[in-house]
There are 2 protein chains.
Amino acid sequence: MFRGFSILSVDSKGRLAVPSRYRQRLISLSEGNLVLTLNPLDRSLWLYPLSEWELIESKLAGLSDFDKQGRRAKQMMRGYATDCQLDGQGRILIPQELRAHAGLGRQAVILGQGNKFEIWDEQAWSKLRDEWLYEVGKDSGEPSDALKSLSL
Amino acid sequence: MFRGFSILSVDSKGRLAVPSRYRQRLISLSEGNLVLTLNPLDRSLWLYPLSEWELIESKLAGLSDFDKQGRRAKQMMRGYATDCQLDGQGRILIPQELRAHAGLGRQAVILGQGNKFEIWDEQAWSKLRDEWLYEVGKDSGEPSDALKSLSL
DNA sequence: GGGATTTGTGGGTGATTGTGGTTAATTATA
DNA sequence: TATAATTAACCACAATCACCCACAAATCCC
């Protein structure tokens with residue numbers, strides 16, 4: 001399971017270095033074959049090892065086309081799914097289209113999220129984090145049932 | 001279960017020595033593998049033995065991505081969860097980002113909190129403690145039902 | 001109380017990692 | 001087919017980190 005946080009730069013060619021602590025695992029999981037796609041729920045990207053992506057793909061195939069949310073998620077994720085490979089320096093190239101969707105500027109944040117990574121524009125991410133911390137801290141907002149019962 | 005209190009210094013590189021009385025236990029629990037993440041409820045950090053963190057992670061994995069609050073909790077807790085290892089001197093390195101979240105200066109406080117440790121900036125902690133003692137002393141705040149029936 | 005040991009703190013150094021750039025290959029376009 | 005644009009492979013530098021050693025303060029033990 002992937003976890004953890006890094007700030008990385010996206011260079012002028014749209015390349016992003018995957019933090020080295022993950023590389024070995026990515027190589028042994030799928031020989032460094034990765035799938036990058038958009039996150040249909042946020043303005044960010046998801047990066048899967050190929051083997052994990054294949055599981056996702058079969059889950060998506062199971063979603064009914066008559067459920068609108070499901071259909072859209074399917075379209076987005078599959079439609080934008082891009083194969084990529086770690087280069088010699090452990091970087092991936094993020095296609096223009098996907099960079100635009102996530103609003104990726106010079107600095108990006110990469111978050112380990114279990115079976116995948118999530119990639120955000122650095123500023124967008126800090127904004128989101130601050131807002132969330134504020135919400136949670138207010139201590140008046142209504143936590144969802146799932147959260148209320150969560151003991152950490 | 002961890003308990004107790006220590007004041008420790010954070011050196012210029014952001015390292016913090018785990019009090020030696022805990023080290024043996026941390027090593028036997030998870031070979032000195034620890035996970036440091038942010039405490040979303042306060043400006044402080046949580047330090048888990050890896051084995052304890054894995055329990056938390058599986059709780060988080062159960063939250064739905066289609067529920068916004070659940071998704072955010074997952075992103076934040078997992079995203080900031082940083083693997084660390086005790087170094088030869090029994091220290092951990094606290095990443096810049098996490099230090100910033102907790103406002104960690106030169107002196108830190110580490111509190112045993114059951115399945116984890118809580119790490120505070122020393123000044124922030126004393127302030128909080130004093131405020132809390134003052135609040136409770138006033139005896140006017142409304143304790144929740146759960147607290148009212150608590151005998152300590 | 002005094003010596004020995006453990007513990008916390010600080011710093012130096014070499015290896016690793018992230019980043020930027022250059023050149024060659026491939027693909028697309030005119 | 002030639003040219004432009006894009007992508008891949010390669011190299012080099014700079015910042016960071018892990019590892020090591022050294023010292024001082026606290027603690028333990030006789």
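When reading the values below, keep in mind they use all heavy atoms of this one structure, side chains included, and skip hydrogens, waters and symmetry mates. Order of the sequence lines sets the chain letters (A, B, ...), proteins ahead of strands, with each chain counted from 1.
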Are OP1 or OP2 of dT16(C) and a side-chain N or O of Arg23(A) less than 4.0 angstrom apart?
no
Check this for me, if you would: do Asp65(B) and Lys74(B) make a salt bridge, where the nitrogen-to-carboxylate-oxygen distance has to be below 4.0 angstrom?
yes
Can a donor-acceptor pair under 3.5 Å be found between the side-chain atoms of Gln89(B) and the base atoms of dC19(D)?
no
Closest-nucleotide 5' rank along DNA chain D - winner of Pro95(A) and Gly88(B)
Pro95(A)
Where does the angle between the aromatic ring planes of Tyr22(B) and Phe2(B) fall among parallel (under 30°), tilted (30 to 60°) and perpendicular (over 60°)?
perpendicular
Whole-Å distance separating the CD1 atom of Ile110(B) from the C1' atom of dT7(C):
14 Å
Arg91(B) has an atom CZ; how far is it from atom P of dG10(C), in whole Å?
9 Å
I'd like to know if Glu57(B) pairs up with Arg3(A) as an ion pair, taking the criterion as any Lys NZ or Arg NE/NH1/NH2 lying under 4.0 Å from an Asp or Glu carboxylate oxygen.
yes
d(CD, Gln96(B); P, dT16(D)) in whole Å
10 Å
Rounded to whole angstrom units, what separation is found between the CG atom of Asp87(A) and the C1' atom of dT22(C)?
14 Å
Run Trp120(A) and Glu118(A) through side chain to side chain donor-acceptor pair (under 3.5 Å) and show every step you take.
CA-CA 7 Å; Trp120(A) 286 79; Glu118(A) 207 164 289; 2.8 Å; yes
Round to a whole Å and report the spacing from CG of Leu26(B) to P of dT7(C).
14 Å
Rounded to the nearest 0.5 Å, how far does CG of Leu55(A) lie from CG of Asn115(A)?
8.5 Å
Is the closest basic N to carboxylate O distance between Asp42(A) and Arg71(B) below 4.0 Å?
yes
For the pair made of CD in Glu122(B) and P in dG8(C), what is the distance, rounded to whole Å?
17 Å
Please determine, by modelled atom types, if Asn33(B) and Gln85(B) share a side-chain donor-acceptor pair under 3.5 angstrom.
yes
Name every residue in residues 8-18 of chain B that has at least one heavy atom under 4.0 Å from any atom of DNA chain D, in order of residue number, or write none if there are no such residues.
Lys13(B), Arg15(B)
To the nearest Å, give me how far apart CG (Asp83(B)) and P (dC17(D)) are.
15 Å
Take atom CG of Leu93(A) and atom C1' of dA9(D), then tell me their distance rounded to the nearest Å.
13 Å
